[in-house]
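This report refers to the structure that appears directly beneath it.
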Protein chains: 2
Amino acid sequence: MGNAVSIKDIARKFKCAPSTISRALNDHPMINIDTRKTIQEYANKVGYQKNTISLSLLNKRSKTLGVIIPSISHYHETAIIEGLEAILQPAGYLLNICVTNECHALEKEYLNRLVANRVDAICISLSQETFDRSLNEHIDLAISRSLPIIFMDRFYHALDVDRVITDDFKGAFMATEHLIQMGCQRIAHLHGPRGITVSQQRFKGYEACLKKYGREVEEELVKQVKFSPECGLEATMHLLDQKAKPDGIFAVNDEVGFGAMKVIQERNYKIPEDIALVGFDDIPLAAFAPIALSSVSRQSKKIGEQSAQLFLSKMNGISDHQQVTLEPELIVRSSSQRNHFSKI
Amino acid sequence: MGNAVSIKDIARKFKCAPSTISRALNDHPMINIDTRKTIQEYANKVGYQKNTISLSLLNKRSKTLGVIIPSISHYHETAIIEGLEAILQPAGYLLNICVTNECHALEKEYLNRLVANRVDAICISLSQETFDRSLNEHIDLAISRSLPIIFMDRFYHALDVDRVITDDFKGAFMATEHLIQMGCQRIAHLHGPRGITVSQQRFKGYEACLKKYGREVEEELVKQVKFSPECGLEATMHLLDQKAKPDGIFAVNDEVGFGAMKVIQERNYKIPEDIALVGFDDIPLAAFAPIALSSVSRQSKKIGEQSAQLFLSKMNGISDHQQVTLEPELIVRSSSQRNHFSKI
DNA sequence: AGTTCAAATGCAAACGTTTGCGTAATTTTT
DNA sequence: AAAAATTACGCAAACGTTTGCATTTGAACT
């Protein structure tokens, strides 16, 4: 706290200049070896702890990374944080984590605060509001001040930015193709909130795959949901209420998939025989769903790791923009694995 | 970055002293109203952003809270963070979040780094290693430097500390009593990792409740697990392999409960008729388990909120130590709700 | 015109640390 | 013994901001 011992305090004790203490503590060869030891021992004894704040002021870098995410309640986001920490802890960095709750005003406020705190860079996943309405002034401003910004998942529509994303399109394509190969004729999609990149990309992957197999997107088979099991349940209920029911469902994420599964079972349809189901994200509980849930892994932890690597490379002066795209992986489990399926 | 415009820059532009600029930007009445406006407009135009670092140095407070947690992959921890942010964002604070992976060395390292960064306080949930082996020197040191430390969940065994915890004992007692009231005769417990407060407290609550109803803890009905569905599955498998099977299971948390449920269903036992099941934490997916999982809510978000409040009160000079204990809440769902049950 | 007062601004120190340069003191070299 | 080199340390500025205390300026009094 306020009574922390400083270099000046130690200097006073030894009746010498602060510079001497500083050099002694940093093992500078200019200082007599005995003096050094004496000072170091004393500093240790009184619990001297370097004040990083003054260093940040001096060096114009804070050894801190700002992280802005729309939410922190899903596996994907926490895995990203784990990935960031895995790389940045050994490198001596700290993380300033800010959760915007998908709210643009909060995102802007947090961005300002991080800039004021002079973080060395910002890893950001844009809020839904920001993305929907293309409210990019705050981002532009930060970029114009040459603050390195690394986009994760939801990125800024400009060519010259750094970003690390998963190929959601491909993941969705794989999931849909898998359902087709399992013999599904009417594949529904539980579509994520509009305006969010991942929702759009996953829908596009779904759409493209259907097209590839000569099918059309049927409007009544696409329901929009929020990323929660409750919404998944409700939307699936509507699907099942329709005359022409689906025999396969691709859910925008696993939580939604859980909701879908619940109502499908309540209506006594068999999974995967009557309806095959695939989710997205491959959350740890996916395998422990009522019927083990097939899912597309988006390598969440790797997103964090790669973002951290990208950040470090920027700290080392690499200035050209990098765009990393990670490959999704389809994990097939019971919810979609049909043993006897019709070949297309 | 390094080229950020400072008060000095502006002062040079206006050929006046930095102090004038500072006062003008802070709307100090001492400065001529027109001068103020002119300066403010210019500052706005060139995108001046206050450098919080210099302020931290001056004021000896960083408007940052350090958060040290053993893990970030469960609902409980993310909900705590949400609670912290909900209170501290409006108060103008930022969060430095550090994940120790239950590792003592990392906890120590992070603590040092946070102290060096002069965070205003630290909210910490001790790592398992720290707790197991009572490796408290780093904590003692921080406390001796009068850095406010607020313990969450796993706390430090000293009387005069600030802490916010849930009454896990009571929650476990309630869960066990509920199973008894549902007519369970042989209630097993999936015990969390030893050395962790919540594991111990939940076991004690289970034990005390059994005692209250004149029963003994049967060793073969208590299995130790890690906080994962995989472990829950494995331990439950062993329980079911025993000659005298349980007819009720109290799992140390919901993930473990999911694992238990999986294997119970695979063995074709009926839930809750053959085996009633209760978890802990009330994760969002609990209601979407194969059979909706009964659970004890520990008010995770409230832990964050209360910790934040406690922190703010300390920032306002309240120095006496506070110990907040939150009440758990039993949420009964299908996994334990028996319609016809024997009264004890 | 001299004095008093108010308004507006400047000065300098402070927060804690680092670092280039200057300068003693001591040793080595010629 | 004088010159050169080495060793060990101090000085002061710098990072960006705030703030108590001068100081300046001009106006309003006697």
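Every chain is numbered from 1, with letters handed out A, B, ... down the list of sequences. The structure displayed is predicted, hence computed values, not measured ones.
Atom P of nucleotide dT18(C) and atom CD1 of I10(A) are separated by 11 Å, given to the nearest angstrom. Rounded to whole Å, atom P of dA13(C) lies 17 Å from atom CG of L57(B). Separating the CD1 atom of I31(A) from the P atom of dT17(C) is a distance of 16 Å, rounded to the nearest angstrom. Summarising the geometry, the separation between NE2 on H28(B) and C1' on dT9(C) is reported as 12 Å, rounded to the nearest angstrom. Computed from coordinates, the L58(B) CG to dG16(D) P distance equals 14 Å when rounded to whole Å. The distance from atom CD1 of I7(A) to atom P of dA14(D) is 20 Å, rounded to the nearest whole Å. Counting to the nearest Å, the P atom of dT18(D) and the CZ atom of R61(B) are 12 Å from each other. Distance I21(A) CD1 to dA8(D) C1': 13 Å, rounded to the nearest Å.
How far CD1 of I72(A) is from OG1 of T78(A): 7.5 Å, rounded to the nearest 0.5 Å. To the nearest 0.5 Å, atoms OG (S62(A)) and CG (L55(A)) are separated by 11.5 Å. For the atom pair OG of S6(B) and CG of N51(B), the computed distance is 9.0 Å after rounding to the nearest 0.5 Å.
Looking only at side-chain heavy atoms (C-beta outward), L111(B) and L141(B) stay at 4.5 Å or farther from each other.
Between the side chains of R298(B) and H76(B), at least one donor-acceptor pair of N or O atoms lies under 3.5 Å. With no hydrogens or angles considered, a side-chain donor-acceptor pair links Q40(B) and D27(B) at under 3.5 Å.
Within the 4.0 Å cut-off from OP1 or OP2 of dG16(D), at least one side-chain nitrogen or oxygen of K60(A) is found. Within the structure, every side-chain polar atom (N or O) of K15(A) is placed at least 4.0 Å from both OP1 and OP2 of dG10(D). Contact annotation: K8(B) does not reach the phosphate of dA14(D) (side-chain N/O to OP1 or OP2, under 4.0 Å).
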At a cut-off of 3.5 Å, list every protein nitrogen or oxygen paired with a nitrogen or oxygen from nucleotides 19-21 of chain D, distance to 0.1 Å.
| from | atom 1 | to | atom 2 | distance (Å) |
| --- | --- | --- | --- | --- |
| dG20(D) | O6 | R23(B) | NH2 | 2.9 |

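Within residues 32-45 of chain B, the residues that place at least one heavy atom under 4.0 Å from DNA chain C are, in residue-number order, N32(B), T35(B).
Between I68(A) and the choices I149(A), L114(A), I97(A), the side-chain contact (heavy atoms from CB on, under 4.5 Å) rule is met once, by L114(A). The only option from E102(A), E77(A), E107(A), E129(A) that meets the salt bridge (charged side-chain N to carboxylate O under 4.0 Å, His left out) definition with R154(A) turns out to be E102(A). Exactly one of I80(A), V324(A), I165(A) qualifies for a side-chain contact (heavy atoms from CB on, under 4.5 Å) with I303(A). That residue is I80(A).
Between the axis at the start and the axis at the end of the helix from dA1(C)-dT30(D) to dT30(C)-dA1(D) there is an angle of 70°, using five pairs per end and rounding to 10 degrees.
The backbone N or O of A116(A) lies less than 3.5 Å from a partner atom in the side chain of T52(B), making a donor-acceptor pair.
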Could you walk me through whether D120(B) and F311(B) pass the side-chain contact (heavy atoms from CB on, under 4.5 Å) test, one step at a time?
-> CA-CA 9 Å; D120(B) 294 337; F311(B) 163 64; 4.0 Å; yes
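Residue Y48(B) is classed as a sugar-phosphate contact, given heavy-atom separations below 4.0 Å to backbone atoms only.
No more than 12 heavy atoms of other residues, nucleotides or ligands shown are found within 6.0 angstrom of NZ on K108(B).
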